[in-house]
Amino acid sequence: MKEAFELNAQQRAAATWEGGHVLVLAGAGTGKTRTIIARAAHLMTSGVDPARILLLTFTRRAAREMVQRLTQLTGQEKIPLMAGTFHHFCLYTMRRMPRDFGVQDATVIDRDDQVQLMKLVRGGYRKKGEQLPRASELVSLCSYARNTNQPVSEYLQQHTDFDEETIEKIRLMARDYERRKRLNRYLDYDDILFLFARRLHEDEALKSRIKGFYDHILVDEMQDTNPLQWLILDALRDPARLFCVGDDAQSIYAFRGADFRNVHAFTERVPDATVLRLEENYRSTQGILDLSNWLLDTSPLQYGKRLTAVRRTVSKPRLLDFENDFEEARWITGDLIERHEGGAAWSDHMIITRTGYGARSLESFMVEKKIPYRFIGGVSLLQAAHVKDLLGLIRACFNLRDELAWARYLTLWPRIGDATAARLIKELKTLYDIQDALKMLEKRLKGRRDVLEGITTVVETWNDPPATIMKAGHYLEPTLKTRYSNWKNRRRDFDLLARLAKRHRSLMAFLETYTLDPVSVTESQRLEEDDVVTLTTVHGAKGTEATVCYLIRVEPGMYPHMRSLGREDDEEEERRILYVAMTRARDELILTRSLRWGGARRSPYAASVTPDRQREAYFFRELDDDLVDSNYVYPEFDDFTDFDFIVPSRN
DNA sequence: GAAGCGTTATACTAT
DNA sequence: ATAACGCTTC
């Protein structure tokens, strides 16, 4: 094996550490990924069987990338190392040990399904005119409590303003939600971690067996792990050694229960652990780091972090002001085209947005100017309405108790609404297999061959995922055509889906993969293309970098986002979000904004959070002029051609 | 009583 | 773009 790529002294010390547990504190751009890969390579050269190394990353994308780089580095074709997210690892292990966990034929549900299911539960609790949190908020609250491993009621009492009566109601709804999931044989994201962690902690023998699988556990993005994930790591360590890498200044998932005590309290929890640091930034120019350092310095918290560039180039970030978000989008797309014509690859450019919604005008310009891009964090392919219709049919055939899938499929047909569907679903839940279900539906829906034929179509092609999708899609076409006005565009997504399914042996495995690792519509369209611009949310940009980064809509109300205002911890997280965004850039960081409205417009929060309040909290309110090159970009003359009449002059 | 239709509110981050 | 809601029709 070739010796690992070049490492500096600190990186090498971490990668070749021979002692016990390690926490590596690694600032942005200090070669965190490189060090983890070098660590894995080092372990392999030292004779560790790669199958005994567990690599836990934050996204599946990160895992794929690391394994790919490790493959290149070691020159081996296939490395049998387990690499993936906590969720993947836990589910994989539970499926591999069916007798110990009993979740083998469960359906993994996404956020949308969680909310749908909660709606059904909530409906049973709401008396007319009564105020209850919306289903989506209930799901967030329950999910947060579970990820931080505390009872819902306790969490609500300590951290929210709900009155006792409402808290009790939410507690009961949370309980019913859990029951309903079990009855439907559903696993939501939280169940995957929770069930795994619970079994490890209640069954010593099982814990020992699973512990025996690994000697080394490498954890990326430790600052964004939550208490449930810590319980898992804690159960698996000793004799396995932990190698956790993180940066508290880049913690941006507190809303999901991430707890940076997993970093701060590491040495208390693991007394024999060593803390190592990576401090030299290889990614960015000093100008980009100066602005990033300044941002952390304005915090009341002490991050104790000052990034210093190894690179010599300085290049200050640019801060460009526009008349409005259309001018901003027009300029960025124009700049991209100019750079591309000048020989730069599309893929050298990344556009970073705080919210998916905030990038809408930009996206329309990208489409209009035909710039190839993929949107990380855009609407997931599996969540598009017509795709959910199709998957409803497929899922229903696989899991008779999947009530959301049945409801979706059955109500697709004329004269079948919520009430009829609910009656049928109740009966379906008492049956054992799809043949019984067909018999029952035949009896109940006399003369409705349309509804039944869809099911037989799926059952007949069950072992050929792309064929099932194409046949089912073809079958539903006449019905869906009447429901969606832009059917032609939507129809294409079925082909995309079939193409994606080709790589999978079973339909449910295929769906599960994309439920745990959602692909946006634009991503799936660009499967074979490498040279595309990346458009991403800040959260999606975590762990990545690009030569040129455009950070759009850096406006009051956006940084910090107005929804965070008034809650100190949330506002502080917004600072880290901006920090993460800025530190993605290698050579050029271009910040753009429009100050015309003095804050976000036409949003329900704009009414409760005044523009003044948004400006007051704005991170760039008192920006040091020396840190950026600022410009106001005037609209081009040609752009004023919208008038189709002449305003007469007065003289 | 259930289905279907038109109008209106809503939009932060995501495994 | 989609879900929720209220109202009309079957």
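Reminder, nothing fancy here: chain letters follow the sequence lines and each chain counts from 1.
For A:F58 and B:dT13, the CZ to P distance is 14 Å, given to the nearest whole Å. Distance, A:I416 CD1 to C:dC10 C1': 16 Å, rounded to whole Å. What separates CG of A:D190 from P of B:dA14 is a distance of 16 Å, to the nearest Å. Atom CG of A:N489 and atom P of C:dA1 are 10 Å apart (whole Å). Straight-line distance from the CD1 atom of A:I109 to the P atom of B:dA14: 19 Å, rounded to whole Å. Across the protein-nucleic acid pair, A:R490 atom CZ and C:dA1 atom P stand 8 Å apart, rounded to whole Å. Taking atom OH of A:Y144 as the reference point, atom P of B:dT13 lies 19 Å away to the nearest angstrom. Going from atom CD of A:E571 over to atom P of B:dT13 covers 19 Å, rounded to whole Å.
In this structure, A:D418 reaches the sugar-phosphate backbone alone: every heavy-atom distance under 4.0 Å involves primed, P, OP1 or OP2 atoms, never a base. Looking at heavy-atom distances under 4.0 Å, A:G356 makes contact with sugar-phosphate atoms alone, never a base. Looking at heavy-atom distances under 4.0 Å, A:Y253 makes contact with sugar-phosphate atoms alone, never a base. Contact annotation for A:R111: base contact, defined as any heavy-atom pair under 4.0 Å involving a base atom.
Nearest-nucleotide mapping onto DNA chain B: of A:I252 and A:R134, the residue sitting toward the 5' end is A:R134. Residue A:P414 is the one, among A:P414 and A:L193, whose nearest nucleotide of DNA chain B lies closer to the 5' end (criterion: closest heavy atom).
One distance of note links CZ of A:R553 with CG of A:L591; it measures 14.5 Å at 0.5 Å rounding.
When each of B:dA14, C:dA3, B:dA11 is scored by its nearest atom to the side-chain atoms of A:Y357, the top-ranked nucleotide is B:dA11. For A:A419, the side-chain atoms get nearest to B:dA3 when compared with the rest of C:dA3, B:dA3, B:dT15. Proximity note for A:R415 (side chain, C-beta onward) versus B:dG4, B:dA14, B:dT15: the nearest is B:dG4. Nearest nucleotide to the A:P518 side chain, out of B:dT13, C:dA1, B:dT15: B:dT15. When each of B:dA3, B:dA14, B:dT15 is scored by its nearest atom to the side-chain atoms of A:H87, the top-ranked nucleotide is B:dT15. Checking C:dT2, B:dT13, B:dA14 against the side-chain heavy atoms of A:R354 singles out B:dT13 as nearest. If you check B:dT15, C:dT2, B:dA2 against the side chain of A:T420, the one that comes closest is B:dA2. The side chain of A:R423 approaches B:dA2 more closely than any other nucleotide in the set B:dA2, B:dT15, B:dA11.
The side-chain ring of A:F255 is not stacked on the base of B:dC12, judged by centre separation under 5.5 angstrom and plane angle under 30 degrees.
The side chain of A:T537 places an N or O atom within less than 4.0 Å of a non-bridging phosphate oxygen (OP1 or OP2) of B:dA14.
No salt bridge links A:R134 with A:E137; every basic N to acidic carboxylate O contact stays at or beyond 4.0 Å. The residues A:R491 and A:E477 are annotated as salt-bridged, a charged nitrogen and a carboxylate oxygen being separated by less than 4.0 angstrom. Note on A:R575 versus A:D570: no salt bridge recorded, every NZ/NE/NH1/NH2 to OD/OE distance being 4.0 Å or above.
Not counting sequence neighbours, the partners of A:Y144 by the ring-ring contact (aromatic ring centres under 6.0 Å, His included) test are A:Y155. With sequence neighbours excluded, the residues satisfying side chain to side chain donor-acceptor pair (under 3.5 Å) with A:D493 are A:H386.
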